[in-house]
Protein chains: 2
Amino acid sequence: MDILKERIRKDGKNLGGGILKVDSFINHQVDPLLMDACGAEFARRFADLGATRVLTAEISGIAPALATAMHMNLPVVYARKSKPITMPDQVYLTVAPSHTKGRMVELIVSPEFLAKGERVLIIDDFLASGATILGLWRLARAAGAEVVGIGALIEKSFEGGREALRSLGLPVESLVCIASMDDGKILFCD
Amino acid sequence: MDILKERIRKDGKNLGGGILKVDSFINHQVDPLLMDACGAEFARRFADLGATRVLTAEISGIAPALATAMHMNLPVVYARKSKPITMPDQVYLTVAPSHTKGRMVELIVSPEFLAKGERVLIIDDFLASGATILGLWRLARAAGAEVVGIGALIEKSFEGGREALRSLGLPVESLVCIASMDDGKILFCD
């Protein structure tokens, strides 16, 4: 997706260690028109899956997932990383390693909003190792829901996430793919 | 705003202790069309303030702030509650009591995205005691920015937030106002 790629080229920063700083347009600060365009593109790519719900993880998944949900007119559920007092005692919970936090984080969804029969589209900001997305997949499966597709704004192909998700047999779409971040550069896949 | 009020009447739950559970349409699960309508309404009410940026606090402020920013075509910045590794060492930081967490939380904004000369519109999900919004106001002022307006989806007038914000001399808009949650009821202001 050209406008996202151009924005990464212009404003993305390679901080080393595989960390891509995109907090001027995706997380911390969000460009709403760019995010809206990304949501429209996900809606186009996943239009034929019969999805009934969009699922993401707080915090930085919320903006792309909401933008996608707006274009598909589907409810969006974001997995919480700590259980708010408004959530019932019985929840779906899994743990996944956080790349940027350097530790395991919990992903929690209330059974009120994820149930058998749902067709779930998972949307997140990054596809890196795939660990967060696999965590969301486990939550959906625990609820008896079916995951029908996976979308990420930015794939870092050198972290192996696509291979980690391959056995799920699902469509995996990224809007921009980065092949390498060695030597302070950002090399795109194509 | 009638559609939000009707939704609270239908799906909001009074959990006691002043806690309103709205996680089937505002936080945890988000109704994207409702949120879009709320964003459009904020954009209408704040159209004449010359705002240059929308500011909110993660996590549940992100959806209403993004929806508003989409309608105003303004960048949205969400204050982080923990400092990600992509953020510079020097930040604006304040602390505010969290109603739902029962403890103080940090609110952190990078100086990259909040600066002198900016005209900031603060948007959040709830106006309760006003503590989070006052925290965001302090961050904006620390950056030398001017806050030009404050909007919340739901005001709980019995928690005194509007009085706490009065001395700022700013327009404060809530889309729905709740006057009382005594005896398991939800009584609206009008």
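Chain identifiers are assigned alphabetically (A, B, ...) following the order of the sequence lines, protein sequences preceding nucleic acid strands; residue numbering begins at 1 within each chain. Here the structure is a predicted model, which is why all the values come from computation and not from measurement.
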Please evaluate residues A:Ile59 and B:Ile62 with respect to the criterion side-chain contact (heavy atoms from CB on, under 4.5 Å), reporting the C-alpha separation (whole Å), side-chain torsions for both, the decisive distance (0.1 Å), and the verdict. CA-CA 9 Å; A:Ile59 299 164; B:Ile62 296 175; 3.5 Å; yes
Any side-chain heavy atom of B:Ile8 sitting closer than 4.5 Å to one from B:Ile154? yes
Under 4.5 Å from any heavy atom of chain A, what part of B:Ile19 do you find: side chain, backbone, both or neither? side chain
Between these two chains, chain B and chain A, I want each donor-acceptor atom pair under 3.5 angstrom written on its own line with its distance.
| unit_1 | atom_1 | unit_2 | atom_2 | d |
| --- | --- | --- | --- | --- |
| B:Lys21 | NZ | A:Thr86 | O | 2.9 |
| B:Lys21 | NZ | A:Glu112 | OE1 | 3.1 |
| B:Lys21 | NZ | A:Glu112 | OE2 | 3.1 |
| B:His28 | N | A:Tyr78 | OH | 3.4 |
| B:His28 | O | A:Tyr78 | N | 2.8 |
| B:His28 | ND1 | A:Tyr78 | O | 2.9 |
| B:His28 | NE2 | A:Ser110 | N | 3.0 |
| B:Gln29 | OE1 | A:Arg53 | NE | 3.1 |
| B:Gln29 | OE1 | A:Arg53 | NH2 | 2.7 |
| B:Val30 | N | A:Val76 | O | 2.7 |
| B:Val30 | O | A:Val76 | N | 3.1 |
| B:Arg53 | NE | A:Gln29 | OE1 | 3.0 |
| B:Arg53 | NH2 | A:Gln29 | OE1 | 2.6 |
| B:Val76 | N | A:Val30 | O | 3.1 |
| B:Val76 | O | A:Val30 | N | 2.7 |
| B:Tyr78 | N | A:His28 | O | 2.8 |
| B:Tyr78 | O | A:His28 | ND1 | 2.9 |
| B:Tyr78 | OH | A:His28 | N | 3.4 |
| B:Thr86 | O | A:Lys21 | NZ | 2.9 |
| B:Ser110 | N | A:His28 | NE2 | 3.0 |
| B:Glu112 | OE1 | A:Lys21 | NZ | 3.1 |
| B:Glu112 | OE2 | A:Lys21 | NZ | 3.1 |

Between B:Val147 and B:Leu121, is there a side-chain heavy-atom distance shorter than 4.5 Å? no
Name the residue from A:Leu170, A:Val120, A:Val148 that meets the side chain to side chain contact (heavy atoms under 4.5 Å, CB included) definition with A:Leu49. A:Val148
Shortest non-hydrogen separation from A:Ala51 to A:Leu74 and the atoms involved: O-CD2, 3.5 Å
Which heavy atom of B:Met70 sits nearest to which heavy atom of A:Ala67, and what is that distance? CE-CB, 3.9 Å
Nearest non-hydrogen partners of B:Ile3 and B:Ala37, listed with the distance: CD1-CB, 3.6 Å
Please classify the contact of B:Leu114 with chain A as side chain, backbone, both or neither, using a heavy-atom distance under 4.5 Å. neither
Which portion of B:Pro84 sits near chain A, non-hydrogen atoms under 4.5 angstrom: neither
Measure the shortest side-chain to side-chain distance between B:Leu165 and B:Ile133 over non-hydrogen atoms and say whether it is less than 4.5 angstrom. yes
Greatest number of non-hydrogen atom pairs under 4.5 angstrom with chain B, of A:Leu20, A:Leu34, A:Leu66, falls to A:Leu66
Against chain A, work out which of B:Ile108, B:Val109, B:Val76 has the most heavy-atom pairs shorter than 4.5 Å and name it. B:Val76
